[in-house]
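Below, chain A is the first sequence line, B the second, and so on; all start at residue 1.
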Number of protein chains: 2
Amino acid sequence: MTGIRRLAQHLDISIGTVSRALNGRPDVNEETRRRVLEAASELGYVPNQSGRSLRQGTTNIIGFMMQTGTEITGQGDTFFMSVFDGVQTVFARHRLDLVALLCSSSEDPDDYLRRVVARGFADGLILSATQRHDPRFEFLAKQKIPFVTLGRSLTDVGQPWLDLDFEGMAQVSIDRLVARGHRRIAVTRPHDDINLGHLFIDRSASALAAHGLALDPDLVFSSLPNEAGGYHVAQQLLAMKERPTAILLVNETIAIGFYRGLSEAGLKPGRDIAIIGRHSPQSHFLSPSLTGFTLSRRDLGIALAEALLATMPAFSHFYPDAELRKVWKEELVEGESDAFTLAT
Amino acid sequence: MTGIRRLAQHLDISIGTVSRALNGRPDVNEETRRRVLEAASELGYVPNQSGRSLRQGTTNIIGFMMQTGTEITGQGDTFFMSVFDGVQTVFARHRLDLVALLCSSSEDPDDYLRRVVARGFADGLILSATQRHDPRFEFLAKQKIPFVTLGRSLTDVGQPWLDLDFEGMAQVSIDRLVARGHRRIAVTRPHDDINLGHLFIDRSASALAAHGLALDPDLVFSSLPNEAGGYHVAQQLLAMKERPTAILLVNETIAIGFYRGLSEAGLKPGRDIAIIGRHSPQSHFLSPSLTGFTLSRRDLGIALAEALLATMPAFSHFYPDAELRKVWKEELVEGESDAFTLAT
DNA sequence: CATAGTACCGTAAACGTTTACGGTCGTCAG
DNA sequence: CTGACGACCGTAAACGTTTACGGTACTATG
């Protein structure tokens, strides 16, 4: 005698009542419910998930799909860890189990997702590292499995998304640098597959255009989103005949490598070049201090989770006015790295 | 009509035969099997996992438990990503699904694990961030769920473990530095809860003792395992009246912060102080180049997976001679950072 | 008192598999 | 011809839940 049956026998009531008591149904005497709950915790009874899933057609699992190897995601891994943390706190409230589905870099994300979904693994999915054109969206829409993406895409099947406000950053940064007299402003961009990169470049160009300036293609640096990428950008920049006087480092972690590249050449951020970047936990230890944008990754995760739940029928009533699509503003923290100004 | 029943009806054979065919049982005609396989892929049939799990009492899921927030783990997150990658390739061979169970930093890992196990989530577990005394071990042993740990612990329930060879690193490094004339050698150490840290310090001390030297307690620096930690160590070290002439940076990522801390004070690795560290993908961009230990994280993951499978009855025959307990040697790559020598 | 209504509970079917068991058919040796 | 045996397949039970349905006992209302 196992499981719920054992518990029922122990209490000398039917398994139906036990189940109802545990699941918070209204049609069970409160005194009975109390006894059931007590006995359950005493005997250490926990409902078998396979049984529930089979009966209910639901797994109580939410998958957060990420990719190992971060060369393409545009953020360091710690970024996702923090976001994940936020997501988890929300799902824990609903007794949903969150797991990370890490797609190996050697595997096609599309195939991987197909496998996961076919097995009926999760009730809902969070997708990150979304591509500019992402075939996964249509697949998921066809399978009618709820999902939300971290990152906009040109593919749109009506799903919720949250994204970073690279456009706003471009606008604010360009305006700020131009006001300080800069004319030759460089930008870095994430991988070409990331839609956000295009939005960033486009906005940078139009912001410059508003000041009567053009974005010099030679000043657009593709960069791996890590320290090595930043170091490489610095080397490219230093090798130029006509160097830019300012640069936007849009990827989080590259500032560290960029700083190092500069300092090896004897250049100093804020004195010889103006830098605006994005803050990460590491960037606070940069010197001179970085002028950069910052956001609460954890809050982003919370919003992501709420957007997903809002689209799942079983939970939507908890989040009647969740924001389903939102660009996530970042706040500019002033430091010394963009102190370098030019006479106008 | 759904699932296997639909497939059976379509082929006009019984569901039992279909199941046997799909699961590779011997007692089914090869021609029949071929037809079943073909129809399955044609109709896109995939066995329902809940059904299988319920019947077989097994989930086909392996959980890799990590913790978000890396302040305690001693490695940057990218470390685990790479290890995970290796683990995944092994499990994929056996059609086991690997998921990452990320325990939020705000939650007690012990409770978290208990929840996961109680729900019958996984057939096996990989534990990382093992504590010096780790209550999870006994719990898992009692529940008879197979697991393997990344990191030794004083708690021992006979489970397999793999671990880094901090002791070997201490020995090699100390010998090397002493041979170059160093007498005041500093070491960093990971969090006190990590057993590996104690092994490292102990071996460092005994290696020094073998040369008639003592480990000065003032030269043992506790450090967060990240850039900030390294930066902080540098600051502490620079503030000392009597500075060490050499230092072992045992955590992977702290070298970057340490370098920066030095350079701000105008000191240069390999010229003003000898440094031996550990390599990470980022460390290759340090200048002067780091003398440090290196290992294949992916291979480590592979070994970890094989050790786990070797203890699972259903798979053990695939890995008859897997190494169940092993310290994972790292190789010393010579760079410029320990070029600084003293007259003896 | 009769009736309706309510609160609570038991029964049993259903979810989609796997697998032990037994049955059929053909083959082959005696 | 008979019996044993092997190859293959169908049947049905079992895994642990949830939940629709119906039943009982009690209360309230006329």
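A donor-acceptor pair is defined here as one N or O able to donate and one able to accept, closer than 3.5 Å; no such pair exists between the side chain of Asp97(B) and the backbone of Ile61(B). In this structure, Ser19(B) contributes its side chain and Gly16(B) its backbone to no donor-acceptor pair below 3.5 Å. Judged purely by atom type and a 3.5 angstrom limit, Ser82(A) has no side-chain atom pairing as donor or acceptor with the backbone of Arg298(A).
With sequence neighbours left out, Arg152(A) forms a side-chain contact (heavy atoms from CB on, under 4.5 Å) with Trp161(A), Asp163(A), Glu167(A), Asn195(A), Leu196(A), Leu199(A), Val327(A). Taking the side-chain contact (heavy atoms from CB on, under 4.5 Å) definition, one finds that Val28(A) meets it with Thr17(A), Ala21(A), Thr32(A), Arg33(A), sequence neighbours left out. Among residues two or more places apart in sequence or in another chain, the salt bridge (charged side-chain N to carboxylate O under 4.0 Å, His left out) test is passed with Arg132(A) by none. Among residues two or more places apart in sequence or in another chain, the salt bridge (charged side-chain N to carboxylate O under 4.0 Å, His left out) test is passed with Asp299(A) by none. Scanning for salt bridge (charged side-chain N to carboxylate O under 4.0 Å, His left out) contacts around Glu38(B) gives Arg34(B), with sequence neighbours left out. Evaluation of the side-chain contact (heavy atoms from CB on, under 4.5 Å) rule for Ser316(A) yields no partner, not counting sequence neighbours. Partners of Glu42(B) according to the side-chain contact (heavy atoms from CB on, under 4.5 Å) rule, which considers only residues two or more places apart in sequence or in another chain, do not exist here.
Atom OG1 in Thr59(A) sits 11.0 Å away from atom CD in Gln49(B) (nearest 0.5 Å).
Mapping Val28(B) and Gly51(B) onto DNA chain D by nearest heavy atom places Val28(B) at the nucleotide closer to the 5' end. Of the two residues near DNA chain C, Asn48(B) and Arg25(B), the one whose nearest nucleotide lies more 5' is Asn48(B).
For the contact set between residues 117-125 of chain B and DNA chain C, defined by any heavy atom under 4.0 Å, there are no members. Scanning residues 29-44 of chain A for heavy-atom distances under 4.0 Å to DNA chain C yields Asn29(A), Thr32(A). Within residues 3-13 of chain A, the residues having any heavy atom closer than 4.0 Å to DNA chain C are, in order of number, Ile13(A).
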Step by step, work out the ring-ring contact (aromatic ring centres under 6.0 Å, His included) result for His10(B) and Tyr45(B).
CA-CA 12 Å; His10(B) 179 252; Tyr45(B) 169 75; over 10 Å; no
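With Leu308(A) as the fixed residue, the side chain to side chain contact (heavy atoms under 4.5 Å, CB included) test singles out one of Ile62(A), Thr149(A), Leu96(A), Val90(A): Ile62(A).
For the pair Asp134(A) and Arg136(A), the salt-bridge criterion is met [side-chain N within less than 4.0 Å of a carboxylate O]. At a threshold of 4.0 Å, the pair Asp110(B)-Arg114(B) counts as salt-bridged, since one of the basic side-chain nitrogens sits closer than that to a carboxylate oxygen.
Note on Arg20(A): a base of the nucleic acid sits closer than 4.0 angstrom, heavy atoms only. Nucleic acid contact class of Thr2(A) (heavy atoms, under 4.0 Å, all strands): sugar-phosphate only.
Atom CD1 in Ile15(A) sits roughly 20 Å away from atom P in dC8(C) (whole-Å rounding).
Read 5' to 3', the first and last nucleotides of DNA chain D with an atom closer than 4.0 Å to a heavy atom of chain A are dG16(D) to dA20(D).
The terminal axes of the helix from dC1(C)-dG30(D) to dG30(C)-dC1(D), fitted over 5 pairs per end, subtend an angle of 50° to the nearest 10°.
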